[in-house]
Amino acid sequence: MNFDLNIVPFSRRESFLAISLLPEAKERRKGLYLRTVRGGDDKFGEAFLIELLDRNNEPVSFDPIASPEKLRLETTHWAGHADICISDSRTVRFRSKGCGIRLTFFPAAYDYAYETDPDRWEVNSFTHGCRFMLTRLAGRMSMEVAWDEIKSSRVTAEFSADEETDTAEFAVEEFMTVMTPRSEWESFDEAVRLVQEDYGSWLNRTLTVPERWQEARELAAYITWSCLVPAEGCLTRPAMYMSKNWMTNIWSWDNCFNAMALVRHNPKLAWDQFMIFFDRQDESGLIPDFVNDKYELWNCNKPPIHGWTLSWMMRRTDFIQEEQLREVYGPLSKWTQWWFTYRDHDGDGIPQYNHGNDSGWDNSTAFNNGIPVESPDLSSYLIIQMEVLAEIAGLLGLPEEAAAWKQKADDTLERMLCHFWRDGRFTACRSGTHEVSEGDSLLLFVPILLGKRLPEHIRAALLAGLRDETRFLTWNGWATESVSSRYYKPDGYWRGPIWAPSTMLLVEGVAAAGDQELAAEVAHRFCRMLSSSGMAENFDALTGAGLRDRAFTWTSSVFLILGHEYTR
């Protein structure tokens with residue numbers, strides 16, 4: 001498998017390091033960069049510009065060929081090439097034949113570089129919150145480091161080939177405090193073999209899909225494997241970032257879809273994805289919106305799909321036993337109660353979103369008329385979550401708590417139907433005034449997740465709306481705003497484009513409501529689109545073109561789940 005470095009970064013499992021082709025931008029030259037994805041998505045993490053050099057040390061053009069285990073850079077004018085392998089979570093190995101390699105570091109803040117011994121230079125990057133050790137392994141290393149009062153103003157490292165072998169080889173190691181020099185290095189080819197073996201093991205355990213989508217499966221497997229970062233700093237467990245492009249965090253509903261794709265073949269890692277936000281839970285019961293190695297964000301949150309996720313995973317693995325249920329029961333209870341305690345300002349028993357971001361559908365037309373918004377998807381998630389809590393309480397020998405959760409779920413369902421079902425459709429409204437929102441958002445069909453709990457006439461109306469090809473259903477799947485709506489935009493984020501999470505939720509909901517044919521058809525359309533357009537953040541509903549960040553893990557995970565469960 002090869003992939004486009006303009007779209008998909010070259011990285012590996014449990015590493016903060018990545019290599020990408022980047023366009024020109026303010027204070028950045030166009031080129032190939034070694035990056036670090038530490039510190040969240042407020043920075044792109046460019047650490048070193050990578051260039052190939054001719055025998056006169058002049059930059060030459062090259063073509064990159066990226067595979068999971070190795071990145072090859074082939075010069076375009078003669079037979080020289082360079083190979084790059086991320087041999088472990090902190091080490092990038094370089095080897096060139098017939099050409100040299102230049103790394104250029106662009107200092108800022110108090111960044112500096114100094115020689116630790118004749119073959120090793122340390123680059124201390126305040127900008128990235130880490131250090132890099134450059135170590136010559138074969139050939140010659142030449143450093144140009146200029147000092148400007150308080151920092152290095154320029155750092156350039158050139159690695160040229162040994163005259164006898166015409167080969168240069170070196171390593172870049174990332175570290176935080178101190179680094180002990182290695183006593184020996186495995187060969188470059190051995191490093192490549194070990195990475196290939198690691199990815200191959202991941203691929204072999206990845207969910208299977210029909211053969212016609214095998215290339216897409218390999219891409220999805222690579223993206224999910226390569227987007228893992230280690231447990232470090234605020235990350236209490238190994239975490240699957242949404243991307244190693246610019247969505248370099250883990251968000252508190254994105255993690256659920258990645259956990260679901262892992263639960264059959266890697267249940268421990270799946271459990272880590274599911275529980276990582278509960279590790280950071282506030283005393284109030286709130287969980288953060290996102291977390292990375294440096295910090296978490298509390299200004300908004302994401303919807304409570306965690307009970308639905310847990311129920312889905314429990315039906316597909318024997319890993320979740322009493323130990324796991326005891327671990328999750330208290331945090332999930334507090335998270336559920338938080339919504340009723342802190343997000344029901346008008347006291348009507350219907351929790352609200354204070355901002356579109358809280359729903360995960362950031363700019364959905366459900367929020368057109370202002371905030372806070374009461375929306376039936378939120379009540380639906382909470383009903384399911386309380387039913388799951390009732391089930392867990394029963395399994396843990398807590399019958400009174402089980403009965404209380406079940407009663408609250410039933411009461412919320414009755415209140416939800418009275419509150420939101422009007423004139424044959426679900427609505428969303430301003431909390432307090434209950435002014436109905438404008439637009440025609442797919443968000444209002446999420447209650448189909450309740451399946452047979454819904455009255456027959458409501459199920460029938462929802463299914464009819466989801467089958468209507470003049471509203472949401474396109475050749476590629478369900479648009480997030482009706483294509484007939486005046487608010488529809490092809491690249492309108494949650495006002496039109498197709499997304500993986502909305503597709504997954506509604507496919508599962510349609511199946512729960514009894515329409516297996518529609519569930520399978522939409523899953524097929526979605527997977528077919530991804531097989532040609534890749535694993536983007538979202539997609540133009542009519543053309544199927546990938547939009548925004550085009551190497552996304554929850555998209556990859558949903559492709560694997562739907563391709564495995566709903567298509568033949």
Side-chain angles (χ1 to χ4, degrees), residues 3-52 62 64 66-73 82-94 101-109 111 113 123-134 155-157 170-176 195 222-223 225-230 232-233 235 239-250 292-294 537 548-553:
F3 50 89
D4 185 350
L5 284 180
N6 292 289
I7 297 172
V8 181
F10 176 71
S11 189
R12 66 155 295 151
R13 178 176 63 88
E14 295 201 28
S15 177
F16 288 105
L17 299 169
I19 295 176
S20 300
L21 277 171
L22 303 180
E24 183 177 3
K26 183 180 180 181
E27 299 181 357
R28 183 180 73 207
R29 292 161 54 187
K30 177 181 179 181
L32 184 70
Y33 285 85
L34 173 60
R35 303 166 45 233
T36 174
V37 298
R38 293 181 179 278
D41 60 352
D42 58 343
K43 57 186 73 174
F44 209 72
E46 307 97 314
F48 296 94
L49 172 66
I50 303 169
E51 297 174 288
L52 297 192
F62 57 83
S67 61
E69 68 276 7
K70 183 175 70 176
L71 171 59
R72 169 156 288 197
L73 311 177
D83 290 327
I84 305 172
C85 172
I86 304 179
S87 58
D88 61 47
S89 63
R90 296 182 180 273
T91 307
V92 186
R93 297 282 298 272
F94 293 78
I101 301 176
R102 175 187 293 157
L103 299 185
T104 303
F105 178 79
F106 302 95
D111 299 349
V123 178
N124 189 343
S125 177
F126 289 69
T127 305
H128 300 104
C130 63
R131 305 164 190 253
F132 301 96
M133 185 67 73
L134 278 56
V155 178
T156 302
F170 65 96
V172 177
E173 298 172 274
E174 179 205 45
F175 66 106
M176 302 300 289
V195 177
Y222 170 74
I223 290 173
W225 172 79
S226 66
C227 283
L228 282 167
V229 297
E232 193 171 310
L235 298 171
M240 187 180 289
Y241 275 3
M242 296 311 100
S243 173
K244 283 184 177 173
N245 279 323
W246 52 84
M247 301 294 279
T248 52
N249 302 309
I250 179 170
N292 56 56
D293 63 307
K294 297 294 186 184
E537 184 179 358
R548 308 298 174 112
D549 191 322
R550 294 175 63 191
F552 228 64
T553 55

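Count residues from 1 along the sequence.
In this structure, Arg35 is positioned above the aromatic face of Phe44, its NZ or CZ under 6.0 Å from the six-membered ring centre and within 45° of the axis.
In this structure, Ser125 contributes its side chain and Arg131 its backbone to no donor-acceptor pair below 3.5 Å. Thr104 places no side-chain N or O within 3.5 Å of a backbone atom of Thr156 that could act as its donor or acceptor partner. A distance-only check finds no donor-acceptor pair linking the side chain of Asp41 to the backbone of Met247 [under 3.5 Å]. Distance alone, capped at 3.5 Å, places no donor-acceptor pair between the Arg12 side chain and the Glu69 backbone. Side-chain N or O atoms of Lys244 include one that pairs as donor or acceptor with a backbone N or O of Ser15 at under 3.5 Å. Distance alone, capped at 3.5 Å, is enough to place a donor-acceptor pair between the Ser243 side chain and the Ala551 backbone. In this structure, the side chain of Asp83 does not engage the main chain of Lys70 through any donor-acceptor pair within 3.5 Å.
Across all their heavy atoms, Trp225 and Ser11 have their closest contact at CZ3-O, 3.8 Å. Closest of all the heavy-atom pairs between Cys85 and Val195 is SG-CG2, 3.8 Å. Residues Val123 and Ala113 approach most closely at CG2-CB, 4.0 Å, considering heavy atoms. Contact between Arg550 and Asn245 at its shortest, heavy atoms only, is N-ND2, 4.2 Å. A pairwise comparison of heavy atoms in Ala82 and Ile101 identifies CB-CD1, 3.9 Å as the closest pair.
Contact of the Pro23 side chain with the Arg28 side chain is registered, since non-hydrogen atoms from C-beta on lie closer than 4.5 Å. Residues Ile223 and Phe3 are not in side-chain contact: their nearest non-hydrogen atoms beyond the backbone lie 4.5 Å or more apart. For the pair Pro230 and Leu235, the minimum side-chain heavy-atom distance is 4.5 Å or more. Using a 4.5 Å heavy-atom threshold, the side chains of Leu32 and Pro64 count as separate. Put simply, the side chain of Leu17 does not reach to within 4.5 Å of the side chain of Val172, judged on heavy atoms.
A ring-centre distance under 6.0 Å is found for Phe132 and Phe48.
The only member of Glu232, Glu14, Glu173 that meets salt bridge (charged side-chain N to carboxylate O under 4.0 Å, His left out) when paired with Arg90 is Glu232.
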Notebook entry, point to check: Yes or no on side chain to side chain contact (heavy atoms under 4.5 Å, CB included) for Leu34 and Ile84, after CA distance, side-chain angles and deciding distance?
Noted result: CA-CA 11 Å; Leu34 173 60; Ile84 305 172; over 6 Å; no
Check: Is there a side chain to side chain contact (heavy atoms under 4.5 Å, CB included) between Phe170 and Leu134 once you walk through the steps?
Finding: CA-CA 7 Å; Phe170 65 96; Leu134 278 56; 5.6 Å; no
Checklist line | Check against side chain to side chain contact (heavy atoms under 4.5 Å, CB included), Ile50 and Phe94 | finding: CA-CA 11 Å; Ile50 303 169; Phe94 293 78; 4.1 Å; yes
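In this structure, CD1 on Ile86 lies 10.5 Å from CD on Glu174, to the nearest 0.5 angstrom. Here Leu103 contributes atom CG and Leu49 contributes atom CG; the two are 8.5 Å apart, rounded to the nearest 0.5 Å. Atom CG of residue Leu52 and atom CZ of residue Arg102 lie 10.5 Å apart, to the nearest 0.5 angstrom. Taking CD1 of Ile250 as the reference point, atom CE of Met242 lies at 5.0 Å (rounded to 0.5 Å). Note that the CG atom of Asn249 and the CG atom of Asp293 stand 9.0 Å from one another [nearest 0.5 Å]. Here the straight-line distance linking atom OH of Tyr241 with atom OG1 of Thr553 works out to 11.5 Å at 0.5 Å rounding.
A tilted orientation is assigned to the rings of Phe106 and Tyr33, their planes being inclined by 30° to 60°.
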